[in-house]
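What follows is a set of notes on a single structure, which appears directly below.
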Amino acid sequence: MSRQDNPHGLTSITRRRLIGSGVAVSAAFLAGCIGGDDAAVPAGDRLSFTQQVAPIEWDPVVLNDAYSSQITQVLYDGLYEYDVGTLDPQPKLAADAPEIERDGQRFVVELRDGPEFHNGDPVTAEDVVHSFLAPVEEQTDNMPDFDMIESAEAIDDTTVQFDLEYPYAPFETITLPTSIVNSEVRQSDPDAYNTENPIGSGPYQFAEWEDGEYVDVERWDDYWDEPSQVAAIRYEPAEDDAGRVSRILAEETDIMEGIPPQDWDDIESEDGIEIASIDSTSYLYMAFNCNEGPTADPDVRRAIAHCHSRRDFVEDIFGEAAVFTNMSVAPSVAEEFDMPADQFLEMNYEFDPDRAQELLDESDAIDDGEELDIIVPPDDIRQQWAEVIADRLDEIGYGASVRRLDWDVFTDTYQSGDADEFNIYALGWTGGADPDVYFYQLFHEDNEGLTQGHFYDNPEFHENIQDARRSVDPAERSELYTEIQTEINEQAIHLPGWSDLNAVAYVEDAVEGVHASTSVSTNPHLDHPDLNLL
């Protein structure tokens with residue numbers, strides 16, 4: 001399916017996630033095992049899904065990577081959830097829409113009567129309170145999603161009251177759709193809950209995990225809501241592009257994500273293989289160390305922007321599979337908030353090697369011929385982008401080294417702000433339906449060393465982000481975000497890259513009802529009732 005064939009446009013939105021990030025969690029977990037061979041489902045009854053990156057953890061309170069979330073989305077129910085084809089969160093564990101009081105600073109939510117966790121415990125208001133407060137109390141990477149909550153209280157077993165420090169406009173659309181954990185089991189052994197024993201109330205139970213090899217989940221037959229048609233799912237990572245493509249072409253997997261752009265046409269033309277795709281909420285970027293070192297000088301950053309053509313890189317690599325962008329939110333989100341995307345495109349640093357060399361030669365922050373240090377996660381395309389920059393800098397008398405790091409090393413490094421560790425880093429973000437989850441998480445000083453590694457320092461800039469976060473006036477927020485984005489472009493804090501299609505390839509004789517999602521974290525919808533093995 002080509003981009004123009006996309007039937008949905010913007011559909012379901014979920015929480016933001018680092019795209020391809022291990023996020024400060026060691027990969028050295030022992031294989032977890034629940035159920036084992038006795039609980040195994042025959043391979044013919046099990047859907048096979050090939051992931052781009054191996055998942056690493058199962059506790060929604062702490063996990064912050066898209067690939068783990070692809071699995072936990074079927075293990076846990078949210079208080080609210082997004083259906084395919086809608087921007088609006090729908091009640092899931094909640095019985096109805098929240099009651100909103102105190103001018104948008106109090107939300108009261110009633111729970112359904114009946115949902116249970118996989119161990120038979122009822123889902124209670126105390127579980128909801130813990131799910132919303134634990135990220136801040138434990139200072140996890142998800143803390144920015146919840147730090148506007150002043151208090152959360154279980155009024156009774158099925159009623160929760162949230163009081164906010166300020167009217168946070170995205171609370172209903174971004175924060176309330178949170179996965180609910182079993183508070184008693186989790187608090188009894190948080191490490192085990194994250195690595196061996198995740199207990200949710202979703203349509204599937206955790207069954208078996210071999211680290212780096214596969215994760216098995218099995219349908220929970222006592223699920224309180226409409227059951228899934230697929231008895232079990234096996235998630236298998238294949239981080240090598242060629243390996244993933246060969247698996248789907250040989251029909252060794254039912255569904256594959258992470259379609260390499262160069263293989264798109266071959267896969268699409270292959271008999272028996274279909275592609276489901278949709279515009280994403282993803283944003284891929286190159287960011288600078290503004291804290292110290294040569295890239296603390298904005299002219300050095302502008303020179304790097306001028307030394308190559310991002311637009312040509314994106315168009316050459318992706319074709320119709322992605323769109324070049326010069327803003328730090330997904331185009332669909334900018335459109336919803338009436339942000340001037342065309343104005344930002346006009347601010348693009350076009351390819352001008354003479355101007356790049358002039359800026360570098362005139363800067364006192366970089367020596368003649370000095371090489372910069374670019375770090376990238378294990379991703380071929382972002383490595384290619386970094387190598388283009390290195391080559392172009394070399395052509396004008398400077399240069400750069402490109403280091404491809406494992407996820408956990410990469411995240412620890414870019415969060416340091418240390419010029420001895422890096423000057424430039426490449427990352428991605430899969431956001432939601434509100435600009436706050438991009439600008440606050442990726443740019444505000446509160447998140448330095450968490451989800452923000454550039455350490456850009458301008459008090460007025462950060463105050464604007466806070467003002468936009470605390471405003472419920474859409475026009476005021478749009479104006480503030482336009483001012484913020486303008487400064488990002490003028491100061492070259494980030495070099496925006498692209499927003500790609502979320503796409504999956506699938507074997508049409510093996511599976512039906514495959515729905516792509518706007519968020520990598522929920523792509524595809526494997527708990528959708530239409531999904532079925534053939």
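The figures here come from the full heavy-atom set of this structure, side chains too, leaving out hydrogens, waters and symmetry mates.
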Taking the six-membered ring where the residue is Trp, are the ring centres of [X] and [Y] under 6.0 Å apart?
| X | Y | value |
| --- | --- | --- |
| Phe206 | His118 | no |
| Phe461 | Tyr456 | yes |
| Tyr235 | Tyr214 | no |
| His525 | His515 | no |

Is the side chain of [X] donor-acceptor paired with the backbone N or O of [Y] at a distance under 3.5 Å, no angle test?
| X | Y | value |
| --- | --- | --- |
| Ser69 | Asp65 | no |
| Thr124 | Asp157 | no |
| Ser478 | Pro474 | no |
| Glu218 | Ala231 | no |
| Tyr193 | Asn182 | yes |
| Thr178 | Thr175 | yes |
| Asn197 | Ala192 | no |
| Asn523 | Ser517 | yes |
| Glu257 | Pro524 | no |
| Asp379 | Arg382 | yes |

In terms of side-chain heavy atoms, does [X] have a donor or acceptor partner in [Y] at a distance below 3.5 Å?
| X | Y | answer |
| --- | --- | --- |
| Tyr283 | Thr325 | no |
| Gln70 | Gln51 | yes |
| Thr159 | Glu110 | yes |
| Asn464 | Gln466 | no |
| Asn447 | Gln452 | no |
| Glu126 | Ser183 | no |
| Glu57 | Asn64 | no |

Do [X] and [Y] touch side chain to side chain, with heavy atoms closer than 4.5 Å?
| X | Y | result |
| --- | --- | --- |
| Phe410 | Gln415 | no |
| Glu116 | Trp224 | no |
| Ser521 | Gln73 | no |
| Asp163 | Gln105 | no |
| Phe107 | Leu164 | yes |
| Phe439 | Ile488 | yes |
| Ile493 | Phe443 | yes |
| Val230 | Val511 | no |

For [X] and [Y], work out which heavy atoms get closest and say how close.
| X | Y | answer |
| --- | --- | --- |
| Pro91 | Arg112 | O-NH2, 3.5 Å |
| Gly417 | Asn291 | O-ND2, 2.9 Å |
| Tyr440 | Ile465 | CA-CG2, 3.8 Å |
| Val181 | Asp127 | O-CB, 3.4 Å |
| Pro203 | Asp527 | CG-CB, 3.8 Å |
| Thr50 | Thr253 | OG1-OG1, 3.0 Å |

### Asp77 vs Ser201, side chain to side chain donor-acceptor pair (under 3.5 Å): CA-CA, chis, key distance, verdict
CA-CA 6 Å; Asp77 283 325; Ser201 63; 3.2 Å; yes
[X] atom [atom1], over 12 foreign heavy atoms within 6.0 Å:
| X | atom1 | result |
| --- | --- | --- |
| Asp406 | CG | no |
| Asp113 | CG | no |
| Asp156 | CG | yes |
| Glu184 | CD | no |
| Glu479 | CD | no |

### Task
Go through the steps for Glu138 and Arg186 under the test salt bridge (charged side-chain N to carboxylate O under 4.0 Å, His left out), then give the verdict.
CA-CA 13 Å; Glu138 299 172 19; Arg186 182 180 182 275; 2.8 Å; yes
Rounded distance [0.5 Å steps], [atom1] in [X] versus [atom2] in [Y]:
| X | Y | atom1 | atom2 | result |
| --- | --- | --- | --- | --- |
| Glu512 | Leu531 | CD | CG | 8.5 Å |
| Leu47 | Asn532 | CG | CG | 9.5 Å |
| Glu274 | Tyr506 | CD | OH | 5.0 Å |
| Arg477 | Arg470 | CZ | CZ | 13.0 Å |
| Leu501 | Ile278 | CG | CD1 | 9.5 Å |
| Leu75 | Asp59 | CG | CG | 11.0 Å |

### Query
In terms of the angle between their ring planes, are Tyr223 and Trp220 parallel, tilted or perpendicular, with boundaries placed at 30° and 60°?
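The arrangement is tilted - the two ring planes meet at 30° to 60°.
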### Query
Taking only residues two or more places apart in sequence or in another chain, which ones pass side chain to side chain donor-acceptor pair (under 3.5 Å) with Ser151?
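Here no residue qualifies.
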### Message
Taking salt bridge (charged side-chain N to carboxylate O under 4.0 Å, His left out) as the criterion, tell me which of Asp446, Asp434, Asp147 meets it with Arg469.
### Response
Asp147
### Query
Checking ring pair (Phe, Tyr, Trp, His ring centres under 6.0 Å) for the pair Phe162/Phe171: CA distance, chi angles, key distance, verdict?
CA-CA 10 Å; Phe162 301 95; Phe171 190 77; 5.7 Å; yes
### Task
Please confirm whether Arg219 makes a cation-pi placement over Tyr204, using NZ or CZ under 6.0 Å from the six-membered ring centre and within 45° of the ring normal.
no
### Query
Who pairs with Tyr425 by ring-ring contact (aromatic ring centres under 6.0 Å, His included), at least two apart in sequence or on another chain?
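Result, ring-ring contact (aromatic ring centres under 6.0 Å, His included) vs Tyr425: Tyr414, Phe422.
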